[in-house]
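Here is how names work: the chains are called A, B, and so on, in the same order as the sequence lines, proteins then strands, and each is numbered from 1. Because the structure is predicted, anything quoted here is derived from the model rather than measured.
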Amino acid sequence: MSEEKSLNFLEEIIETDLADGKYTSIVTRFPPEPNGYLHMGHATSICLNFGLTNKYPGYTNLRFDDTNPVAEDTEFVESIKEDIKWLGFEWKHELYASDYFDTMYEYAVTLINKGLAYVEDATAEEIAKLKGTPTEPGKDSAARSRSVAENLDLFTRMKNGEFADGTKTLRAKIDMAHTNMLMRDPLIYRIKHAHHHRTGDKWCIYPMYDFAHGQSDSIENITHSICTLEFIPHRELYDWFIEKLEIYPSHQYEFARRNLSYTVMSKRKLKQLVEEKHVAGWDDPRMPTISGMRRRGFTPQSIRTFCDKVGIAKRENIIDFSLLEFCLREDLNNTALRTMAVLDPLKLIITNYEDGKTEELQSENGPDEAYGTRTVPFSKELWIEREDFMEVPAKKWFRFAPGASVRLKSAYILRCDTFDKDESGKVTAIHCTYFPESKSGSDTSGIAVKGTIHWVSATHAAMAQVNMYDRLFKVENPGSEEGDFKDYINPDSLHIVQAFIEPSLLKATLSDHFQFLRKGYFCLDKESTAEKIIFNRTVTLKDAWVKEVKKG
RNA sequence: UGGGUUAUGGUGUAACGGUAGCACAACAGAUUUUGAUUCUGUUUGUCUAGGUUCGAACCCUGGUAACCCAACCA
């Protein structure tokens, strides 16, 4: 435990700031726009911002960046808060950019008074035309030379609702020939006669991102405002406003967003998947949304561990989905309750077992003794997994085959004697002999077997629907492939089966995580009812036999 | 053809002028009443060409590649 984990570049900056006495504590913020559901990308940002203030003195605010009323809604505010709490983080203050609309308006007036902002009456197209291109400088607009008094009057009238949407804007007066396109007199206020989910109809002008985000940071005394790489060009503007307004100097730092293989992470693409019904909704268990992953059975701990292992840096990346799965299995292996369920049933009949007899066997609930045991009923007719029998055994096969002996987990060793087939050649049942003295826990039979398989008693089993989920896309990076990313959707991402489950699973609750022995980790779906039980497969177990088969 | 950012095994991330390390993945073996877990071992890397230096992934110069920037979105 003595080894020290090296710091990421943000931790280094913070440690330097703290050591230099620039700050005695830090303040970060997680600033979602309430216009959609949170996904794995947000989880990275959440773990980063909250993680930093868990590690160093200070706190993190939750701030909703609600400056565009037409996209935003209270529904999203609630789901975002739920997701953050589920991940296990606590914010210091719940804040909204819209709380600062009055202050931002005053800031705008200040800029006008300093001759650093003007009211524009050109249309969006005209503004774009004068803006130039990355290789050609822009040109000054006629409105640029308006007097302070005229700007003040027009801006007041904008606020008072005298103008229609799109007819006037407020722009910062910087430099139309600047190499940074964002510095070419950026728009800072626009007219939108729209209802805001918090301020209602009080305002008909709303600040743009660049005139809201940094200002909010400053008002909250955010010391380290962390965002993704695409905001690098905004930093110059961010600093310019703070300098001209002479307000608290928050600083912006950027890191590379985390991309996961075999999925998409942009809100736009996720929205398409939902709206075009490629998935059942935002919380479909195949979605990389926090709500989808929660429904799938991911644990908060597995996501936090993953974010921690991946680290933080400034270069483009696509992280192997298998790392996330590793973190998931690692957590679930330590916590999931062991149970048995047969997903693709084949009847097994014990020839020498008494008709109508039931034995109550004990089986371990968890990875160690602390979890205790539970009772599992055993009888003459059982269900086993169809794939655990081979008519003609393969090399290195150690499950059932004619003449082969196998242990049934927590029960007896059985020898397969014969099997039945229907006209189509499908095996319909296997007949076995059991060895009474091989009973689990008191085995005196002296028989050694290589294989142990799971099973459920046919007379005691319950039925359940099991949703077997697989990756949503067939390729590592659907976003960068030729053509539409939706062309690469995995057609087999959901496979629904009717399974036989052991009786104890009838008591499952939404917060439980189970390992179905040898089959994977599963959890109850939120739509499960007593009449119709539904489980979701969270992730499979690693399977060395599959590799063996692939080798031929 | 402007400006900005980034280049370390298959993937992600360390090494702060001094032994290229860690994790995932892959491969091989041991243990196993889950072909799981656990344990052991193996393979694979500094974008490129020069330069400075006793010594360069790191500093300098020139290339190359990828990503971002011309929304009244954030």
Side-chain angles (χ1 to χ4, degrees), chain A residues 3 5-8 12 31-33 35 65-68 70-72 97 120 123-124 127-129 131-138 165-171 178-184 187-192 205-206 208-210 212-213 227-236 254 256 258 261 267 306 309-327 329-330 333-334 338 340 363-364 367 396-399 406-411 413 438 440-441 443 449-454 476 515-520 540-548:
Chain A
E3 71 189 76
K5 196 168 180 295
S6 52
L7 304 177
N8 64 47
E12 283 185 359
E33 182 185 14
N35 69 343
D65 228 339
D66 55 349
T67 58
N68 183 10
V70 298
E72 297 148 8
E120 174 67 82
T123 64
I127 290 172
K129 195 176 287 178
K131 200 156 200 173
T133 68
T135 52
E136 302 161 67
D165 289 9
T167 57
K168 296 250 183 307
T169 54
L170 184 70
R171 302 178 74 176
H178 206 287
T179 53
N180 181 349
M181 296 293 287
L182 277 157
M183 299 295 277
R184 320 244 261 229
L187 269 52
I188 58 179
Y189 260 97
R190 79 289 216 189
I191 301 171
K192 272 184 199 280
I205 57 171
Y206 293 92
M208 298 286 289
Y209 166 85
D210 287 302
H213 201 102
C227 58
T228 46
L229 251 30
E230 66 267 30
F231 288 94
I232 288 177
H234 294 253
R235 189 174 62 227
E236 197 170 11
E254 312 86 9
R258 268 57 261 283
S261 60
K267 210 176 266 183
F306 171 76
K309 278 188 194 290
V310 162
I312 220 73
K314 298 185 80 154
R315 57 174 167 159
E316 278 250 320
N317 58 78
I318 299 183
I319 302 153
D320 268 356
F321 199 82
S322 57
L323 179 60
L324 217 205
E325 291 185 328
F326 169 82
C327 297
R329 291 189 182 112
E330 184 182 46
N333 179 49
N334 288 326
R338 311 290 129 123
M340 294 195 282
S363 192
E364 316 88 64
K396 294 192 195 173
W397 176 257
F398 37 90
R399 307 178 196 168
V406 171
R407 173 173 291 281
L408 297 193
K409 174 69 182 173
S410 300
I413 291 174
S438 68
S440 185
D443 185 354
V449 292
K450 277 189 182 158
T452 300
I453 66 169
H454 63 280
E476 271 201 8
Q515 184 190 107
F516 289 178
L517 244 50
R518 305 205 303 134
K519 297 313 294 180
T540 61
L541 254 30
K542 278 213 225 168
D543 190 345
W545 174 249
V546 169
K547 283 182 192 168
E548 198 63 42

Report summary line: E364(A) atom CD is separated from U37(B) atom C1', nearest whole Å, by 13 Å
**Report entry** Those residues that, when tested against A71(A), pass side-chain contact (heavy atoms from CB on, under 4.5 Å) (two or more places apart)
**Finding:** E33(A), N35(A), N68(A)
Query - With T123(A) via side chain to side chain donor-acceptor pair (under 3.5 Å) - residues at least two apart - result: E125(A), E126(A)
Query raised in the report: Does F306(A) have any ring pair (Phe, Tyr, Trp, His ring centres under 6.0 Å) partners at least two apart in sequence or in another chain, and if so, which?
Result: none
Query raised in the report: Can you give the dot-bracket line for RNA chain B, where a pair is Watson-Crick or G-U wobble with both atom distances under 3.5 Å, crossing pairs use [ ], and | marks a partner on another strand?
Result: .((((((..((((....[..)))).(((((.......)))))....(((((..]....))))))))))).....
Requested in this report: For nucleotides 67-74 of chain B, just jot down a letter per nucleotide in 5' to 3' order: B, S or -, based on protein non-hydrogen atoms under 4.0 Å.
Outcome: SSSB-BSB
Requested in this report: Using the test side chain to side chain donor-acceptor pair (under 3.5 Å), find all partners of E136(A) that sit at least two apart in sequence or belong to another chain.
Outcome: T133(A)
Report task. For F398(A), report the nucleic acid contact type (base, sugar-phosphate, nothing); a contact means any heavy atom under 4.0 Å. Result -> base
Query raised in the report: For R518(A) and G35(B), is the shortest distance between a side-chain N/O and OP1 or OP2 below 4.0 Å?
Result: yes
Report task. List in chain and number order the residues that pass side-chain contact (heavy atoms from CB on, under 4.5 Å) with K168(A), two or more places apart in sequence or in another chain; answer none if no residue qualifies. Result -> V119(A), D121(A), L154(A), M158(A), F163(A), I191(A)
Report summary line: Protein heavy-atom contacts under 4.0 Å, written 5' to 3' over nucleotides 23-31 of chain B as B (base), S (sugar-phosphate only) or - (none), form the string -SSSSS---
Requested in this report: Can you sort out the partners of F326(A) under ring pair (Phe, Tyr, Trp, His ring centres under 6.0 Å), two or more places apart, ordered by chain and number?
Outcome: none
Query raised in the report: With sequence neighbours excluded, what pairs up with D320(A) under the side chain to side chain donor-acceptor pair (under 3.5 Å) test?
Result: none
Query - Results of ring pair (Phe, Tyr, Trp, His ring centres under 6.0 Å) for H234(A) - residues two or more places apart only - result: Y209(A), F231(A)
Report task. Would you kindly compare I319(A) and N334(A) by the position of their nearest RNA chain B nucleotide and give the one closer to the 5′ end? Result -> I319(A)
Query raised in the report: side chain to side chain donor-acceptor pair (under 3.5 Å) with E316(A): which residues, sequence neighbours excluded?
Result: none
Query raised in the report: Looking at the side chain of D543(A), which of G12(B), G35(B), U5(B) is the nearest nucleotide?
Result: G35(B)
